[in-house]
Every structure is written in structure tokens, then in C-alpha cells.
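Written below as C-alpha cells is the structure these notes are about.
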Amino acid sequence: MASRGAVGIISTGRALPVGRVSNSDLEEIVETSDQWIKTRTGIEERRIISNDETCSGLAVAAAEKALERAALKPEEVDLLIVATVTPDQPLPSASCLVQARLNTINAAAFDLAAGCTGFLYGMNVAEQFIKNGTLKNALVIGVDTLSPIVDWQDRNTCVLFGDGAGAVVLAPVEDGRGLLASKMFSDGHKAELLYVPGGGSRFPAAQWTIKERLHYIKMNGPEIFKFAVTVLVDSTRHVLEMCNKTPGDLDFLLPHQANIRIINFAARRLGLKREQVLVNILRYGNTSSASIPILLDEAVEQGKFNEGDLLALVSFGAGLTWGASVLKW
Ligand code: UT7
């Protein structure tokens, strides 16, 4: 049984589809321009799954890397959480499909739907089981393949999103390290700022729902923008206060990659230098719940973090949901 105490990330992994869609590719599909997309969002290209790739497949590929780096055998995994809003199919959960392919035969497996905040929600949930000694470890995967549910006729949304997966293994770490504070928030009153009305049990697939394009993402971009700049700053401050820290103590901020203008605004308000704020939106767009674990895995691979560095991870998304974590590397 794991000891009660600190819980941290002991390994990371990521997987991205091979297919790239550039801004100029999008100019062929909707009335937009490379210039508009770059200046308004910071995105230059995104990765999009092909017909042979799936949400669960990307999740498996990211998880395999994280397990290998943690030197953890599949049968040793106690808990598998897949944070996603784009499971391969309604039933069973994506996590059960992933569990079968990884052969994590002793793991409890469930999906967690909290939009782009799903990965941070997943880490927070998994941490509780390890901290209280019920489980020894957890594999948390953030994965989304939004491209099949994006309306490729809607320039307000189709230029923003990309597909991808990131994974971490959580396990006990020495006291004073790992996750120092986390907080999850939600406000369902704002559900209709970012939603997919069709394809669920209320409006199941029917000819009329397809005709009305109800199976595609609908989004009020400017309202989410206003919300995002506030909650990124406030929730980062909130979790820092929870562990008696200030933005000045931070070494790195890992913000959800939704829009470079949102990220820059938050960084300025928190008084952070450009090099302290990790960014990869130009290459992947907004990969929803995969955005933070992909960012994390790239940073680990680049050797960005030193032992003892203080990181803040912060996200927002459909729900609306938002949240943040502070982590001592
Ligand atoms: O994970 C959470 C997911 N969602 C978000 O994070 C979304 C947050 N919001 C945003 O990132 C921004 O609001 C957007 C990038 C979506 C839009 O940028 P904006 O600066 O808020 O633009 P806007 O929606 O106010 O639109 C300004 C103009 C409009 O034209 P008019 O009415 O001024 O003539 C839009 O029709 O830009 C037009 N526009 C575009 N033009 C070229 C909107 N999308 C495009 C486009 N290409 N792709």
C-alpha cells in the first residue's frame, strides 16, 4: 500500500497524428487567411487524424511512452483515467478500449469529461486515491480528436483545433515535491458558450439533426476569450495562495494552448517573463485536454525543468470548467 503523502508526475508521454493541416490548407476550405489565423490565434498548423487513427489509438501511444519511462508494467497500473470529450464511440468508455490495448488488466478505468480542463481534473482525481493510500499509481491521459466534430464550414472554430494525446504516470514522491495544490472549478450556466448539441441522448443521430449540423462544435469565441483571460490569472493565483506561494515564485507556467493572445495576456498579468511561459500552440493548435500533457512532455524531453522548479498548470474549457495545479518538479 502506498504511503500517505506527496504525489507527483514520475513520467510523461505524447502522441500526435502524422497529418498536418497548415493555415494555407484552410484558406482552400473556408474564407480565412494565414495572416488572420496567425495574428488572432498564434496557430500556424495543427495535426489531424486520418481515417486509420483514433482517439483511443493516440491515447495508447502516449500512454505506452509514459509507462516505459516510468518502468511500469501494464499489470502494475492501478488506475487509468482518460480525460476526453471525443471517445471513439458512446459505449464503452474510451478508457476501457485503452485498457484492453495496453493490457492494464488490474486497473480501474473510466473517462472524465471536463472539456479542455479534463487532464487537470483527471490528475486531481487520481491524486486523491494515491494520497489516501488506496492506490499506488495512476495513468492519466488527456486526449482529444476534435477534428471529426469540428464544422469544417465554420471558420470561427475549424481553424482553432487539432488532435493529440498526452499522458502522465502519477505515483508517490518524496515529501515537499509533486503536486502542492490543485483546484477545480465549473459553471454550467455557461454551457452554451461551447457545446455540441446533437449526438447525445437528447438529440440522437437522425436525418434532421445531421441536416441542422447539430453534431458539430458551436462556440461563442469572444465570450470564452473574456472568460479565459480572467480565470487563467485568477485560478493560477488561487492555487499559488493555497500553498503560500506567489507568481514571483514560479519558474514555469504551462497554460492551456487555446489562443496566444489569451496566454500572453495571462502571462503579463502574472508578471512572468516570456521564457517562463511554455507555448506550442503554433504547431498543434488547441488540442483540448491533450494540450497541457503534450506541453509537459515536450518540456521534459527538452530538459527544461530542474529538480525543485515550481510549475503552475492552468486550463479552461467547455462546461464551462477551469482549474489549476501547482507542482514542484
Ligand atoms: O479551449 C477553449 C476553446 N475556445 C477558445 O479558447 C476560444 C477563445 N476565443 C478566441 O480564441 C477568439 O475569440 C477567436 C480566435 C475564436 C476569434 O477571435 P476574435 O478576435 O475574438 O474575433 P471575433 O470572433 O470577434 O471576430 C472578428 C472578425 C469577425 O468579422 P467581422 O464581423 O468583424 O467582419 C469574424 O467573422 O473576424 C472574423 N473571423 C475570421 N476571419 C478570418 C472569425 N474567424 C475568422 C477566421 N478567418 N478564421
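For this chain, numbers begin at 1 and follow the sequence in order. It should be emphasised that the depicted structure is a prediction, and the values quoted were computed from it without experimental measurement. Computation of the quantities below employed the complete heavy-atom set of this structure, encompassing side-chain atoms and omitting hydrogens, waters and symmetry-equivalent molecules. For ligands, and for the atoms within them, numbers begin at 1 and follow the listed sequence.
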Looking only at protein heavy atoms, identify the closest one to [atom] and say how far it is in Å.
| atom | result |
| --- | --- |
| atom 20 (O) of ligand 1 | Arg40 NH2, 2.6 Å |
| atom 43 (C) of ligand 1 | Asn156 OD1, 3.3 Å |
| atom 4 (N) of ligand 1 | Met219 SD, 3.3 Å |
| atom 17 (C) of ligand 1 | Trp36 CH2, 3.9 Å |
| atom 48 (N) of ligand 1 | Arg155 O, 2.9 Å |
| atom 5 (C) of ligand 1 | Ile224 CG2, 3.7 Å |
| atom 19 (P) of ligand 1 | Arg261 NH2, 3.7 Å |
| atom 6 (O) of ligand 1 | Ala258 CB, 3.3 Å |

Any N or O of Gly221 closer than 3.5 Å to N or O of ligand 1
yes

Can you check whether Asn259 has an N/O within less than 3.5 Å of an N/O in ligand 1?
yes

Is the ring pair Trp322/Phe185 parallel, tilted or perpendicular, if the boundaries are 30 and 60 degrees?
parallel

Going by an N to O cut-off under 4.0 Å, is there a salt bridge joining [X] and [Y]?
| X | Y | result |
| --- | --- | --- |
| Glu298 | Lys304 | no |
| Glu223 | Lys226 | yes |
| Asp175 | Lys328 | no |
| Asp187 | Lys190 | yes |

For ligand 1, is Thr41 a contact, meaning one of its heavy atoms is under 4.0 Å away?
yes

If you count the atoms of ligand 1 from 1 in the order shown, which ones are under 4.0 Å from a heavy atom of Pro222?
13 (O), 21 (O), 24 (O), 25 (O)

Does any donor atom in the side chain of Asn264 or Arg269 lie under 3.5 Å from an acceptor atom in the other side chain?
no

As a quick check of understanding, evaluate salt bridge (Lys or Arg N to Asp or Glu O under 4.0 Å) for Arg177 and Glu307, giving each step before the final call.
CA-CA 9 Å; Arg177 301 276 295 276; Glu307 228 176 89; 3.7 Å; yes

